Amino acid sequence: MLEIRPNCEWCDRDLPPDSVEARICSYECTYCADCADKVLHNVCATCGGNLVPRPIRPKVNHREGKALGLVNHPASTTRVHSQWTLEQVHDQSEQLKDVPSDQR
């Protein structure tokens, strides 16, 4: 199940669980839409994979007999920050941004 990280790992913008601005890679690195588009060029700073809109976990359980929703599986409160420099991010995104994500 997704951690649903609380912030953009690049600019530290808050990304609450219901944010439509959150973007993630397959490893759950999390960025805001602005950083994903303008800084990273849809290339994860860590793995080089593509970035997609993060799913929004329902707030409550909608299935009887199941323990679903944020009420049962809250989002992470641990803030994560990128370990990469702007130069490293730029170099990687320049190398990969025009490579289709299924070919990276």
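Just so we're clear, the structure is a prediction, and the values are computed from it rather than from any experiment.
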Worksheet item: Considering only heavy atoms from C-beta outward, does the side chain of Thr46 approach that of Cys25 to under 4.5 Å?
Response: no
Response to the item:
Heavy-atom closest pair (Arg54 atom, Ser19 atom, distance to 0.1 Å) is NH2-CB, 4.2 Å
Discussion item. For the backbone of Asp37 and the side chain of Arg23, can you confirm whether one donor and one acceptor N or O come within less than 3.5 Å of each other?
Written reply: no
Worksheet item: What heavy-atom pair brings Cys32 and Cys8 nearest, and what distance separates the two atoms?
Response: N-SG, 3.3 Å
Worksheet item: Gln92 side chain to Cys44 main-chain N or O, any donor-acceptor pair under 3.5 Å?
Response: yes
Worksheet item: Measuring from Leu15:CG to Cys35:SG, what's the distance to the nearest 0.5 Å?
Response: 9.0 Å
Worksheet item: Is it true that a side-chain atom of Gln103 and a backbone atom of Pro100 form a donor plus acceptor pair closer than 3.5 Å?
Response: no
Worksheet item: Is Val71 reachable from Ile56 through a run of I, L, V, M, F, W or Y residues, each pair having side-chain heavy atoms under 4.5 Å apart?
Response: no
Item to complete: Please answer whether the main-chain N or O of Leu70 pairs with a side-chain N or O of Arg57 as donor and acceptor at a distance below 3.5 Å.
Response: no
Worksheet item: Does the side chain of Val80 come within less than 4.5 Å of Glu3's, by heavy atoms?
Response: no
Item to complete: State, to 0.1 Å, how close Asn61 and Ala67 come at their nearest heavy-atom pair, and which atoms those are.
Response: ND2-N, 4.4 Å
Discussion item. Salt bridge check, Lys59 against Asp18: does any charged N sit closer than 4.0 Å to a carboxylate O?
Written reply: yes
Discussion item. Has His41 got a side-chain atom pairing as donor or acceptor with Leu96's backbone, closer than 3.5 angstrom?
Written reply: no
Discussion item. Starting from Leu2, can I reach Val52 by hopping between I/L/V/M/F/W/Y residues whose side chains sit under 4.5 Å apart?
Written reply: yes
Discussion item. Does any part of the side chain of Arg79, heavy atoms only, come nearer than 4.5 Å to the side chain of Asp14, both counted from C-beta?
Written reply: yes
Fill in: Least distance between heavy atoms, Trp10 atom then Trp84 atom
CZ3-O, 3.4 Å
Practice prompt. Group every Ile, Leu, Val, Met, Phe, Trp and Tyr by side-chain heavy-atom contacts under 4.5 Å, then state whether Val43 and Val89 land in the same group.
Written response: no
Fill in: Asn42 side chain to Leu51 backbone, donor-acceptor under 3.5 Å
yes
Worksheet item: Just how far is it from atom CD of Gln83 to atom OG1 of Thr85, taken to the nearest 0.5 Å?
Response: 10.5 Å
Worksheet item: Looking at side-chain heavy atoms only, is the closest gap between Asp102 and Asn50 below 4.5 Å?
Response: no
Worksheet item: Can Asn7 and Asp12 be counted as having a side-chain donor-acceptor contact under 3.5 angstrom?
Response: yes
Worksheet, complete the sentence: Here the pair of heavy atoms bringing Ile4 nearest to Glu28 is N-OE1, 3.5 Å
Discussion item. I'd like to check His62 versus Leu68 (side-chain heavy atoms, cut-off strictly below 4.5 Å). Are they in contact?
Written reply: no
Fill in: Sidechain-backbone polar pair: Glu9 side chain, Thr30 backbone, donor-acceptor under 3.5 Å
yes
